[in-house]
Amino acid sequence: MPIPLAEEDALWAAFADPTRRRVLEALLEQGETTTTILAEGLPITRQAVAKHLAVLNRVGLVAGQRRGREVRYAVQPARLDDAADSMARVAAQWDRRLTRIKRLAESVHAESRVDQ
Amino acid sequence: MPAESVEREILIEAPAEVVWDVITEPEQISRWFSDEAAVEQRAGADGTLTWRPGGRGGSRAGMVVPIRVVEAEPPRRFSFRWGHPEGTGPDEHNSALVEFILTPEAHGTRLRVLESGIEAVAHDEDGRARYREDHEQGWERHLGEMLAYLASRTRGETR
């Protein structure tokens with residue numbers, strides 16, 4: 001299902017920051033983890049990690065769950081698929097156009113053969 | 001090839017010259033792409049693709065998208081940039097590049113299309129129209145590469 005454009009823009013904006021992508025990637029590697037543990041494996045402060053997680057959380061790419069005194073974060077795969085889908089839609093548009101080009105070119109070619 | 005590009009191909013049972021005409025002649029373009037086209041087969045030529053309200057793009061408002069031809073080498077290569085704001089020249093930060101590559105084969109022509117720099121504009125025609133108004137900065141390169149990687153990773157983990 002297509003996601004609304006404003007939402008999609010926010011999703012792409014969340015991806016646009018290279019550090020944020022590193023945070024996301026680290027979170028994928030570790031499965032479910034806390035801000036503190038994530039920060040240990042990254043060259044940025046815990047505060048910076050928390051900031052990036054907040055942005056990712058806002059667009060739904062990650063979700064946090066409170067476990068006692070800590071919050072454990074995990075990637076939301078469905079949302080990641082949404083982002084990948086927007087690329088797939090561009091591909092699907094080109095597939096439709098190429099199919100039309102094929103049909104047109106082949107019919108022009110078939111006609112010119114009949115003419116000869 | 002950066003992965004934020006899309007690459008598709010199709011085998012067409014017609015000579016490259018015929019495929020070339022379908023891709024580049026305005027009259028033909030209106031049969032597979034936009035509703036109207038003003039396009040010249042000349043590198044550097046500015047043109048427009050027009051989607052009428054309720055036309056092929058399915059957009060209610062309709063729109064006129066400026067394009068600039070980058071390469072026109074009949075019957076092998078045709079490329080153009082699009083998605084840049086009206087009244088400005090296209091570059092790699094404000095537009096996407098569309099390349100058509102035609103390769104003759106035994107029984108026809110292999111047509112490849114590559115669209116790269118998609119993240120510089122948006123993800124479909126409607127998005128492009130909107131981005132022309134509010135897009136300010138170029139996007140990170142390799143965005144799609146990371147995206148595809150991340151998506152494949154999660155799919156692997158969840159299936």
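Every heavy atom of this structure was used, including side-chain atoms; hydrogens, water molecules and symmetry mates were not. These numbers were taken from a predicted model, which means no experiment stands behind them.
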Point-to-point distance, once rounded to the nearest 0.5 Å, from [atom1] of [X] to [atom2] of [Y]:
| X | Y | atom1 | atom2 | answer |
| --- | --- | --- | --- | --- |
| Leu111(B) | Arg97(A) | CG | CZ | 12.5 Å |
| Glu17(B) | Ser112(A) | CD | OG | 11.0 Å |
| Arg31(B) | Ile101(A) | CZ | CD1 | 12.5 Å |
| Trp32(B) | Leu98(A) | CH2 | CG | 8.0 Å |
| Leu104(A) | Asp21(B) | CG | CG | 11.5 Å |
| Arg100(A) | Ile29(B) | CZ | CD1 | 13.0 Å |

Exercise. Please check if the side chain of Glu13(B) supplies one atom and the backbone of Glu106(A) the other of a donor-acceptor pair under 3.5 Å.
Key: no

[X]-[Y] co-clustered via ILVMFWY side chain contacts under 4.5 Å:
| X | Y | value |
| --- | --- | --- |
| Phe78(B) | Val18(B) | no |
| Val75(A) | Val71(A) | yes |
| Leu42(A) | Leu28(A) | yes |
| Leu56(A) | Ile44(A) | yes |

Exercise. Against chain A, label Ile23(B) side chain, backbone, both or neither, depending on which of its atoms sit under 4.5 Å from a heavy atom there.
Key: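 Contact with chain A is through the side chain of Ile23(B) alone.
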
Quiz prompt | Ala105(A) versus Val19(B), closest heavy-atom pair with distance | solution = CB-CG2, 4.0 Å

Quiz item: Can you find a heavy atom in the side chain of Gln28(B) that is under 4.5 Å from one in the side chain of Val108(A)?
Solution: yes

